[in-house]
Amino acid sequence: MASRHQLGEPVVVVEGVEKSFGSFSVLRDVSLTVRRGETVCIIGPSGSGKSTLLRCINGLVPISKGSIKLAGREVNDAKLDKLALRRDVGIVFQQYNLFPHKTALQNVMMAPIHVLKQDKAEVEERARKLLAKVGLSQKLATYPGELSGGQQQRVAIARSLAMNPKVMLFDEVTAALDPETKKEVLVTIQDLAAEGMTCILVTHEMGFAREVADHVYFTDGGVIVEHGSPAEVFGNPREERTKGFLDKVL
Amino acid sequence: MIASFFQWLNDTQGLNFSVFYDAFDRSRFLTGLWTTTYICVVSIIASMALGLIGVWLAGGSSRLGRLVVRVYVQFFRNTPPLVQLSFFYFAVASLLPTVSDGFGGQSPLVSGTGWAIIAFSLFAGAFNVEIFRAGIEAVPSTTVEAAESLGYTRLQLYLHVVLPLAFRICLPALNNNLINLVKTTTLAYAIGVPELLYAASQIWSEVFNVREMMNVLLVTYVGLVAVLVWIMGRWERSMRIPGYST
């Protein structure tokens, strides 16, 4: 069900990116393009560099070679304001990483107030709407430690959305969740994608990837082995490695 | 009532708690208590400020800043506080100019009490740097990463995320150090600062009630530390987070 909506201009352009930690090469000649409104899923075995790629896109991890352009700006330009870049990219982590000393509502409100210096009353109104959107209207005053994993992850998604990012990155966001709470989070992401948010997902949820993705990339050993529409990659993989991986996980 | 009881105790039992019935001794003792409290409060606040500044520089990008903090911590942590105090009072003070006291005489720029506060703040501050550092290192790097991803600057990150969490983690160690600081203030006796120990020794050398004054002194310090522990306990409770354990 690719291209349910019109895709816009490229938002993320990754070209020939290499990344190594010491002598260990994590990414080799990785290129991909994500257009506005597109949902891209990156699948592949653990240790294939998927999470590293996401961290490179928002500048948390510097790349060794190549180029990453975000909304036309080169991420690894030393002169680029990294903080401004990160405001445009929302990232959601496997371990939620909420601020444990703040309530759900405060978690969502913090960054717009501290980083964007927005008006508190406006931010609060928006934060309430976002938490309602992820189904957590009843948990505004609850601390992360009292929320379930799935609820925490939905707060984390709302927290990223509060910054009005141009693109959302999801780094194995359901890997630590049980099947029931996993569903809540996946539905939230699916709604986001349907609304036209640009999303890049690193995931092990093959069924989900097949359903929501406009484009799927299969990575192994730091290289993109193959990519294409979900129908192509899942239904009729060209590469032996892709076949082998999918046979094992599906 | 209390005074007459202690007067009676002295007359009949020979237990001379002069601070409880003699107005002059009581006033000397209370002055000592006030001086000690003053040194404690100022040194506690200043040492925590030093600890925060130190830990900020120690984790910063400036090499000079990191070096300064390392030298400071090593120096003040590895030398005896009595030597530090003497160093400031006898060596550093003699290099500073004196000021007119308004009565035709000259008085030192910094008083003995002032030097005591400076020395104890630096002494306890060095330990606080290490205590805060341990607290900051215990904040999960993933939490820090989340804040960075939201575009937080280092200062915003420290103010809103790292320090609030680090405080909760390092509070027991901070408690220990501040209690130690309160007890260390008795060293000011050595440079003639009229704090509690000094006042007590003045009294017992005149009244010859060493045993009684020793007991009063010990109980007074137990009380002082109890107040500090109570305040820190309230602070710790006020920072407790539902569902979160440090």
Side-chain angles (χ1 to χ4, degrees), chain A residues 51 54-55 57-61 81-104 106-117 139 141-148 151-153 155-156 159-165 167-169 171 176, chain B residues 48 51-52 55-56 59-63 131-175 232-246:
Chain A
S51 297
L54 284 193
R55 280 170 163 71
I57 291 175
N58 81 342
L60 275 178
V61 175
D81 180 1
K82 282 264 189 313
L83 301 174
L85 168 87
R86 286 178 191 158
R87 281 173 225 150
D88 286 344
V89 187
I91 183 162
V92 183
F93 303 93
Q94 183 178 341
Q95 293 298 337
Y96 339 125
N97 303 349
L98 292 178
F99 304 125
H101 59 304
K102 298 287 181 181
T103 63
Q106 287 168 334
N107 260 280
V108 178
M109 289 172 63
M110 276 172 77
I113 291 174
H114 296 149
V115 178
L116 302 178
K117 313 280 181 212
K139 301 286 182 184
T142 311
Y143 285 86
E146 301 170 303
L147 294 171
S148 75
Q151 291 169 336
Q152 288 190 58
Q153 196 58 292
V155 174
R159 179 176 68 175
S160 285
L161 290 175
M163 296 292 281
N164 284 324
V167 53
M168 286 284 286
L169 312 177
D171 187 7
Chain B
M48 285 176 49
L52 287 176
V55 85
W56 170 263
S61 52
S62 155
R63 280 179 73 170
I131 289 168
F132 291 155
R133 193 169 62 91
I136 286 171
E137 279 171 7
V139 173
S141 60
T142 50
T143 307
V144 172
E145 205 174 43
E148 283 174 346
S149 308
L150 289 164
Y152 274 72
T153 63
R154 182 156 177 257
L155 183 62
Q156 290 169 338
L157 174 71
Y158 264 63
L159 287 180
H160 302 297
V161 179
V162 171
L163 288 179
L165 292 171
F167 259 125
R168 291 172 165 92
I169 297 165
C170 69
L171 215 53
L174 184 65
N175 257 334
M232 297 297 277
R234 294 242 359 193
W235 192 28
E236 191 168 1
R237 271 197 300 283
S238 73
M239 291 199 306
R240 194 163 289 164
I241 312 164
Y244 179 73
S245 59
T246 45

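In what follows, every chain begins at residue 1, and chains take the letters A, B, ... in the order their sequences are listed.
For L98(A), the part lying under 4.5 angstrom from a heavy atom of chain B is the backbone only. Using a 4.5 Å cut-off between heavy atoms, R159(A) touches chain B through backbone and side chain atoms alike. Looking at V89(A), the atoms closer than 4.5 Å to chain B (heavy atoms on both sides) all sit in the backbone: N, CA, C or O.
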**Report entry** Stepwise side chain to side chain contact (heavy atoms under 4.5 Å, CB included) check, L116(A) with N164(A)
**Finding:** CA-CA 11 Å; L116(A) 302 178; N164(A) 284 324; over 6 Å; no
Report task. Show your working on side chain to side chain contact (heavy atoms under 4.5 Å, CB included) between V161(B) and V144(B) and close with a plain yes or no. Result -> CA-CA 8 Å; V161(B) 179; V144(B) 172; 5.7 Å; no
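Each of H101(A), R87(A), M110(A) has some count of heavy-atom pairs under 4.5 Å with chain B, and the biggest count is that of H101(A). Here G145(A) is the residue among P144(A), G145(A), P165(A), A162(A) with the most heavy-atom pairs under 4.5 Å with chain B. Top candidate by heavy-atom pairs under 4.5 Å with chain A, chosen from Q156(B), M239(B), E145(B), is E145(B).
Without hydrogens or angle criteria, R86(A) side chain to G59(A) main chain gives a donor-acceptor distance under 3.5 Å.
Residues F93(A) and S149(B) meet the side-chain proximity criterion, which asks for heavy atoms closer than 4.5 Å.
Results of the side chain to side chain donor-acceptor pair (under 3.5 Å) test with D171(A) over Q94(A), Q95(A), R55(A) single out R55(A) as the only residue that passes.
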